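Right, one structure below, let's go through it.
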Amino acid sequence: MGQQSRKERSDKGCIRINARDFRCLSWLLEMGSAYEDDLAVVLDPAMRTSRDAARAVVRRWRQADLVQADGLFANRGRIVRLTEDGARLVGEVDRAAVAPVTAAVHAAETARTRLLLEHQPQAAGSPVVGWTSAHRWRAENRAAVSAGACVPDGVAQLADGSCAAVRVERVYQGTTSMTTAAADLLRRFPRAIYAVPGMSGGLADLVEEALARAVGQIRAGGSEPGTPAFVHIPDRLVPDLPALAFPAGQDSRRAGLAPA
């Protein structure tokens with residue numbers, strides 16, 4: 001009897017999505033976008049997954065039309081965002097068309113900052129145990145937003161029971177504007193963490209100056225501000241993440257921002 005031909009699988013050619021994929025894609029929906037290499041940390045928080053392995057996962061997602069990946073900065077890697085099909089897969093059925101890649105840069109820097117704080121507890125002052133996105137914070141604080149409150153790029157819930165507003169600054173917006181925003185955050189939150197990409201040149205000094213002014217304004221008004229902190233967002237997060245963040249207060253002390 002001749003060898004029987006093997007029956008072709010009905011799902012041949014389909015891309016299968018596992019639980020880890022779904023968790024990471026849901027994280028991407030929450031954050032908006034992320035740098036491709038950083039997804040190695042999201043896929044495996046223990047950091048046993050290599051950049052190449054993460055890129056292979058992204059390639060599989062792209063084949064399934066769940067994400068798109070676009071290059072913009074040579075030293076940052078590609079920015080990965082969900083497509084409309086990807087957003088629907090993880091539960092967002094009303095997602096609008098994908099915005100230009102330049103609009104995703106800020107979200108990717110925020111995502112990198114989140115990962116940095118989660119893996120470098122001293123940068124936040126306490127281990128990060130939860131995260132509220134800007135979108136969710138805005139929805140939960142409509143009255144404050146309508147009254148002109150500064151919307152943080154994220155709010156980190158900390159193990160000590162407190163929280164920290166997180167603000168990513170990429171472009172100089174003027175000392176007055178930055179000081180006003182910083183003062184609002186330092187009045188509303190017990191901690192405010194400002195993050196600036198390392199490629200932003202002298203912006204870090206300007207941000208620290210604005211923080212110092214905000215602290216001075218609040219104290220001059222007879223109130224005690226929240227604790228400010230400052231971190232540099234590195235050009236690469238993987239694999240040398242533990243050595244890349246500045247401990248909370250290290251730069252602050254240099255700028256005279258440490259709590260009294």
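Along the sequence shown, residues are numbered consecutively beginning with 1. Computed from a prediction, not measured in an experiment: that's the story for all the values here.
- Across all non-hydrogen atoms, the minimal contact from Val155 to Pro152 is CG2-CG, 3.7 Å.
- Between the side chain of Ser133 and the backbone N or O of Gly154, no donor-acceptor pair lies under 3.5 Å.
- Not one N or O on the side chain of Arg78 forms a donor-acceptor pair closer than 3.5 Å with the backbone of Gln68.
- Closest approach of His232 and Leu116 over heavy atoms only: O-CD2, 3.7 Å.
- Here the side chain of Gln157 pairs a donor or acceptor atom with the backbone of Trp131 at under 3.5 angstrom.
- A heavy-atom distance below 4.5 Å is not found between the side chains of Asp153 and Thr113.
- Side-chain contact between Arg60 and Asp21: present, with at least one pair of heavy atoms (C-beta onward) separated by less than 4.5 Å.
- In this structure Arg167 satisfies the salt bridge (Lys or Arg N to Asp or Glu O under 4.0 Å) test together with Glu169, sequence neighbours excluded.
- The nearest pair of heavy atoms linking Ser126 to Leu158 is O-CD2, 3.7 Å.
- Interatomic distance, OH of Tyr35 versus CD1 of Ile233, reported as 8.0 Å (0.5 Å rounding).
- When side chains are defined from C-beta on, Trp27 counts as touching Arg114, because their heavy atoms get closer than 4.5 Å.
- Counting heavy atoms from C-beta on, the side chains of Leu39 and Val57 never come closer than 4.5 Å.
- Checked by atom type and distance alone, the side chain of Arg20 never pairs as donor or acceptor with a backbone atom of Asp44 at under 3.5 Å.
- Arg138 meets the salt bridge (Lys or Arg N to Asp or Glu O under 4.0 Å) test with no other residue; sequence neighbours excluded.
- Checked against side-chain hydrogen bond (donor to acceptor under 3.5 Å, both in side chains), Arg112 has the following partners two or more places apart in sequence or in another chain: Asp38.
- Under a hydrophobic clustering in which Ile, Leu, Val, Met, Phe, Trp and Tyr are joined whenever their side-chain heavy atoms come within less than 4.5 Å, directly or via other members, Leu117 and Val129 fall into different clusters.
- The two residues Cys163 and Phe189 come nearest to each other via the heavy atoms SG-CD2, 3.8 Å.
- Residues satisfying the salt bridge (Lys or Arg N to Asp or Glu O under 4.0 Å) test with Asp160, not counting sequence neighbours, are Arg191.
- Rounding to the nearest 0.5 Å gives a distance of 5.0 Å between OG1 of Thr175 and CD of Glu209.
- Thr132 places no side-chain N or O within donor-acceptor distance of the main-chain N or O of Trp137, the cut-off being under 3.5 Å.
- Nearest heavy atom pair, residue Ser50 against residue Ala53, reads OG-N, 3.1 Å.
- With contacts defined as side-chain heavy-atom distances shorter than 4.5 Å, the pair Tyr194/Glu208 does not qualify.
- Residues Thr110 and His106 have side chains in contact (heavy-atom distance under 4.5 Å, counting atoms from C-beta outward).
- For His135, the NE2 atom sits in a loose shell: 12 or fewer heavy atoms of surrounding residues, nucleotides or ligands are nearer than 6.0 Å.
- One finds the CD atom of Glu84 at 9.5 Å from the CG atom of Asp65 (value rounded to the nearest 0.5 Å).
- Atom CG of Leu66 and atom CZ of Arg88 lie 12.0 Å apart (nearest 0.5 Å).
- For Arg62, there are no salt bridge (Lys or Arg N to Asp or Glu O under 4.0 Å) partners at least two apart in sequence or on another chain.
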If you apply the rule salt bridge (Lys or Arg N to Asp or Glu O under 4.0 Å), what do you find for Asp184 with Arg187, and how did you get there?
CA-CA 5 Å; Asp184 185 65; Arg187 287 189 181 100; 5.8 Å; no

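- Between the side chain of Ser33 and the backbone N or O of Ala108, at least one donor-acceptor pair lies under 3.5 Å.
- For the residue pair Ala182 and Leu211, the shortest heavy atom distance occurs at CB-CD2, 3.9 Å.
- Atoms CG and CG, from Leu82 and Leu29 in turn, are 5.5 Å apart once rounded to the nearest 0.5 Å.
- Between Ile193 and Phe230, every side-chain heavy-atom pair lies at or beyond the 4.5 Å cut-off.
- Distance check, rounded to the nearest 0.5 Å: CG of Leu186 to OG1 of Thr179 gives 10.5 Å.
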Run the side-chain donor-acceptor check on residues 143-151: report pairs under 3.5 Å with partners two or more places apart or on a different chain.
from   : atom 1 : to     : atom 2 : distance (Å)
Ser146 : OG     : Arg142 : O      : 2.9

